[in-house]
Amino acid sequence: MEAATQGYVGLDRVSAGTRSKKLLLRALTGERTERPPIWLMRQAGRYLPEYHRVREAAGGMVGLCNSPEHAVEVTLQPIRRFPLDAAILFADLPQIAASLGQSLEYRVGDGPVLTPPIRSASDITEFLSASGLHEELAPIYETVRQLTRALPEEVALIGYAGAPWTVATYMVEGRGGGSSEHAVVKQWALSDPAGFQPLIDLLTASIIEFLDRQIQAGAEAIQLFESWAGILPDPFFQRWCVKPVAAIVAALKAKHPGVPIIAFPRGAGLAYDGFVQATGVDCVGLDSTVPLEWAAQKVQGELGRCVQGNLDPQLLVAGGPALETETHRILHTLGRGPFVFNLGHGIVKTTPPEHVAALAQQVRSWTAPLAYQE
């Protein structure tokens with residue numbers, strides 16, 4: 001297992017200046033920290049009773065996302081409850097689609113609905129434009145600015161966006177969520193890649209600008225959500241997932257070299273390590289199906305990169321011994337390298353908050369061994 005420790009920064013070699021940085025940022029830049037930082041995808045959300053009260057006061061999801069006052073409040077709610085090392089900006093993936101010209105609404109039972117759906121090259125020309133991008137997204141930038149002042153000093157702020165392929169699935173299918181097999185977007189992307197390319201190009205350029213503005217407003221790290229990476233055949237995965245993310249990473253690194261970037265290519269399977277190499281991300285989020293030993297050897301060891309994940313969200317619902325045992329296994333396997341504890345997907349709405357508290361306490365009480373031992 002010597003490969004599993006290559007590229008790590010030993011705890012005894014970390015300078016005082018490095019230790020002064022926020023724990024999450026240290027881990028994302030490849031440092032083996034004294035304990036893994038922890039934050040959770042969808043940590044501000046429907047499992048918290050106080051979230052529902054704010055959402056109702058904001059008049060629904062659109063109002064919540066577009067009101068800095070309310071978005072700041074729900075971003076802070078899990079930080080007040082749990083000892084987490086990072087907050088992630090509260091917004092929603094389809095907001096960038098709305099900023100490009102589609103109408104966004106949230107329907108009970110359907111989630112986000114985008115109209116008109118984009119189904120052809122002519123639809124791109126007729127309905128979409130980046131001319132109002134920053135005006136439409138201005139409330140998000142203001143939310144970031146306010147969070148930089150409101151968060152505790154030790155808590156890092158993560159900005160984010162959906163990756164181009166994932167946002168495109170929303171725009172073409174006309175809705176988000178996982179109930180669809182994505183037949184419409186796959187038919188277009190696979191049978192007419194030249195016609196589909198302008199949509200990916202528009203999204204790539206827009207997401208670069210969107211994330212650049214978040215960083216300017218105070219975001220200290222970025223996460224790209226590629227939620228539907230796993231539905232594409234390999235050649236199209238390379239074209240629609242890998243290349244756009246690589247372009248976004250290169251553009252952001254050119255402007256903000258010190259800001260670490262996480263990507264979460266859910267369902268990428270055997271393509272995970274190639275994705276990390278090709279895109280240049282600082283950290284990769286692992287879904288719950290990724291074998292831990294493989295990630296430790298290939299990604300942490302051979303590539304020397306940080307990994308993030310990958311507790312199954314249903315174990316967080318279950319709690320008790322099942323949660324404790326799997327958490328220990330993840331910590332034991334990945335905690336010897338640069339690692340951020342997280343879920344393999346977002347928190348589900350039936351999660352008891354007391355289980356989140358127990359998880360955070362277990363992770364925070366774990367100490368990384370000074371040297372690798374079997």
Side-chain angles (χ1 to χ4, degrees), residues 4 23-24 27 33-55 74-88 90 152 154-156 158 177-178 223 225 227 230 262 264 266-267 269 283-296 300 306-369 373-374:
L23 193 68
L24 177 80
T33 53
E34 56 272 21
R35 68 161 177 86
I38 177 173
W39 70 277
L40 304 174
M41 290 184 284
R42 292 190 198 141
Q43 65 188 26
R46 294 177 295 171
Y47 73 106
L48 294 176
E50 58 266 40
Y51 165 87
H52 291 279
R53 293 192 288 269
V54 176
R55 179 168 171 162
V74 295
T75 302
L76 293 174
Q77 286 173 350
I79 304 303
R80 297 190 189 110
R81 270 186 178 256
F82 314 116
L84 301 169
D85 295 295
I88 186 164
F90 187 87
E154 70 278 8
V155 176
I158 303 170
Q223 173 147 324
F225 285 87
S227 304
I262 313 162
F264 178 48
R266 186 167 69 100
C283 180
V284 64
L286 309 176
D287 65 62
S288 300
T289 68
V290 178
L292 300 181
E293 293 78 7
W294 177 89
Q300 288 180 314
C306 180
V307 297
Q308 177 177 278
N310 70 336
L311 182 74
D312 191 308
Q314 290 300 334
L315 281 166
L316 192 55
V317 177
L323 171 61
E324 184 175 350
T325 298
E326 181 62 8
T327 299
H328 175 78
R329 187 177 79 93
I330 294 170
L331 288 167
H332 180 79
T333 308
L334 299 180
R336 291 166 168 78
F339 174 51
V340 176
F341 197 100
N342 208 309
L343 302 178
H345 200 204
I347 292 179
V348 298
K349 64 180 180 180
T350 54
T351 302
E354 58 268 26
H355 293 181
V356 178
L359 172 66
Q361 183 57 42
Q362 182 179 352
V363 173
R364 289 180 67 91
S365 64
W366 190 84
T367 302
Q373 298 176 351
E374 287 287 356

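Two residues are said to be in side-chain contact when any heavy atoms from C-beta on lie closer than 4.5 Å; Leu311 and Leu323 meet this criterion. Contact of the Leu24 side chain with the Val340 side chain is registered, since non-hydrogen atoms from C-beta on lie closer than 4.5 Å. With a 4.5 Å cut-off on side-chain heavy atoms, His328 and Gln362 count as touching. Between Gln300 and Leu334 the shortest side-chain heavy-atom distance falls below 4.5 Å. Annotation: side chain of Ile38 is not in contact with side chain of Phe82 (no heavy-atom distance under 4.5 Å). Gln43 has its side chain within reach of Ile79: a pair of non-hydrogen atoms, C-beta onward, lies under 4.5 Å apart. Annotation: side chain of Val290 is not in contact with side chain of Val307 (no heavy-atom distance under 4.5 Å). Between Val348 and Tyr47 the shortest side-chain heavy-atom distance does not fall below 4.5 Å.
Atom CG of Asp85 sits about 11.0 Å away from atom CG of Asn342, to the nearest 0.5 Å. Interatomic distance, CG of Leu343 versus CG of Leu359, reported as 7.0 Å (0.5 Å rounding). Ile330 CD1 to Ser288 OG: the interatomic distance, rounded to the nearest 0.5 Å, is 7.5 Å. The CZ atom of Phe90 sits 11.0 Å away from atom CZ of Arg42, with the distance rounded to the nearest 0.5 Å. With values rounded to the nearest 0.5 angstrom, Arg53 atom CZ is found 8.0 Å from Gln77 atom CD.
In terms of modelled atom types and a separation under 3.5 Å, the side chain of Thr333 and the main chain of Glu293 share no donor-acceptor contact. A donor-acceptor contact shorter than 3.5 Å links the side chain of Arg364 to the backbone of Pro83.
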- request: Go through the steps for Asp312 and Glu326 under the test side-chain contact (heavy atoms from CB on, under 4.5 Å), then give the verdict.
  value: CA-CA 9 Å; Asp312 191 308; Glu326 181 62 8; over 6 Å; no
- request: May I have the step-by-step check of side-chain contact (heavy atoms from CB on, under 4.5 Å) for Thr327 and Val363, ending in yes or no?
  value: CA-CA 8 Å; Thr327 299; Val363 173; 4.1 Å; yes
- prompt: Could you go step by step and tell me if Arg35 and Leu23 meet the side-chain contact (heavy atoms from CB on, under 4.5 Å) rule?
  reply: CA-CA 9 Å; Arg35 68 161 177 86; Leu23 193 68; 3.4 Å; yes
query: Arg46 and Ile347: side-chain contact (heavy atoms from CB on, under 4.5 Å), yes or no, with the steps?
result: CA-CA 9 Å; Arg46 294 177 295 171; Ile347 292 179; over 6 Å; no
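Environment of CD in Glu154: crowded, with over 12 heavy atoms of neighbouring residues, nucleotides or ligands closer than 6.0 Å.
Smallest separation of non-hydrogen atoms from Ala322 and Leu315: CB-CD2, 3.8 Å. Heavy atoms only, all atoms of each residue included: Ile88 and Thr75 are closest at O-CG2, 3.5 Å. Minimum interatomic distance between Val74 and Ala44 (heavy atoms only, all atoms of both residues): O-CB, 3.0 Å. Nearest heavy-atom pair, Pro313 versus Gly344, reported as atom, atom and distance to 0.1 Å: CD-N, 4.5 Å. In terms of heavy-atom proximity, Pro36 sits nearest to Leu331 at CG-CD2, 3.7 Å. Among all heavy-atom pairs drawn from Ala318 and His355, the shortest one is O-CE1, 3.5 Å.
Using bins of under 30°, 30° to 60° and over 60° for the plane-to-plane angle, the ring pair Phe264/Phe225 lands in the perpendicular bin. The aromatic rings of Phe339 and Phe341 sit perpendicular, their planes meeting at an angle over 60°, well past the 30° parallel limit.
A salt bridge does not link Arg80 to Glu50: none of the charged side-chain nitrogens sits closer than 4.0 Å to a carboxylate oxygen.
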